[in-house]
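Here is the structure we will look at, set down as structure tokens.
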Amino acid sequence: MLTDYHVHLRPDEPDTTADRYFTAANVERYREVASERGIQELGVAEHVYRFEQALQVWRHPFWVSNATDDIDSYCEFVRERTDLKLGIEADFIPGAEDRMASLLDAREFDYVVGSVHFLAEKALDMDEYSIWDGSSGPEEIWRRYFLTLGEAARSGLFDILAHPDLVKVWGSANPRAPLPEGDLRRFYELAMDGIIESGIAIEVSTAGLRKRAQEIYPAPSFLSMCLQAGAPIALSSDAHVPQDIGYEYEAALSLLDRVGVSELAVFSRRERSLQPVGARVA
Ligand SMILES: [Zn+2]
Ligand SMILES: [Zn+2]
């Protein structure tokens with residue numbers, strides 16, 4: 001069994017309207033690549049902030065400019081016109097847990113992927129609203145990121161913790177967003193209590209290989225800490241185009257093999273089971 005659950009049906013760009021991308025023909029393109037790559041369990045997880053209902057949760061200007069679609073039309077499209085699992089990528093917004101829970105619980109998702117893209121009003125992985133342009137150094141930003149990640153896990157809102165060390169997205173070559181020095185496990189440690197208490201599945205995401213980070217999320221040492229804590233593993237590419245389905249899964253599978261992961265988390269209507277990792281069909 002191979003999964004790709006954290007998949008977007010369209011790029012994160014203006015004009016990528018639901019009309020153009022939530023179509024059976026577009027889904028067929030994703031399905032074709034998935035089947036070429038031996039991925040049986042395919043699900044979509046659109047960004048929550050692209051739906052107008054998300055503005056009941058948070059009114060960040062980035063969300064206001066993106067919230068154009070109807071979440072129930074999305075759910076209906078995936079359920080009735082595709083054979084994909086129905087997921088969503090929802091941001092963790094501290095203080096808005098009840099409002100996010102209402103939005104999520106009102107729909108029958110197979111799974112919810114939880115992300116930390118923002119620390120308060122500032123974004124980790126976008127040029128716009130960038131946290132890296134302010135006065136905080138990497139030490140402080142990493143601390144706040146992993147503390148927030150632990151809270152996201154503990155919130156119980158999510159089934160899968162997305163791209164768990166997203167804070168490294170800019171890699172080491174970007175002087176604007178340098179990595180902290182020394183052993184990074186002091187940061188990972190800040191999220192571990194929440195991860196352990198929640199039992200949330202940890203996403204192994206090959207998206208980091210497409211970014212300046214040039215490394216799978218999470219780093220091997222963080223992944224090992226999660227495994228020692230007994231966390232289940234979910235495998236995804238965070239594709240935003242069909243050709244990125246199963247992106248660099250050879251690298252992910254060899255990492256999983258190296259750290260002794262033999263089962264992947266599979267979800268249906270927010271119930272989790274574990275299935276043996278299957279070989280990728282080349
Ligand atoms: Zn994300
Ligand atoms: Zn994503």
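Order of appearance sets the numbers: ligands from 1, and atoms from 1 within every ligand. Side chains included, hydrogens not; waters and symmetry mates left out as well; all remaining heavy atoms used.
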Exercise for review: Measure distances from the Zn ion (ligand 2) and count the protein N, O or S atoms below 2.8 Å.
Suggested key: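 Every protein N, O or S atom under 2.8 Å from the Zn ion (ligand 2) counted, the figure is 4.
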Exercise for review: With rounding to the nearest 0.5 Å, note down the distance linking CH2 in W170 to CG in D125.
Suggested key: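 W170 atom CH2 to D125 atom CG measures 7.0 Å (nearest 0.5 Å).
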Point to revise | Gap separating the CD atom of E76 from the CZ atom of R81, nearest 0.5 angstrom | key: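 Answer for the CD-CZ pair, E76 versus R81, is 10.0 Å.
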Review point. Is the H60 to Y49 ring centre distance short of 6.0 Å?
Key: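 Ring centres of Y49 and H60 not closer than 6.0 Å.
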Check your understanding: Among H240, E46, H47, whose side-chain hydrogen bond (donor to acceptor under 3.5 Å, both in side chains) with R10 holds?
Key ->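 Between R10 and the candidates, side-chain hydrogen bond (donor to acceptor under 3.5 Å, both in side chains) is satisfied uniquely by E46.
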Exercise for review: Give a yes/no verdict on a cation-pi contact between R210 and Y247, requiring under 6.0 Å between NZ or CZ and the six-membered ring centre and an angle within 45° of the axis.
Suggested key: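 Yes - R210 lies over the ring of Y247, closer than 6.0 Å to its centre and within 45° of its axis.
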Check your understanding: Does the side chain of S136 pick up a donor-acceptor pair with the side chain of R144 at under 3.5 Å?
Key ->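 No, because no side-chain N or O of S136 sits under 3.5 Å from a partner of the opposite role on R144.
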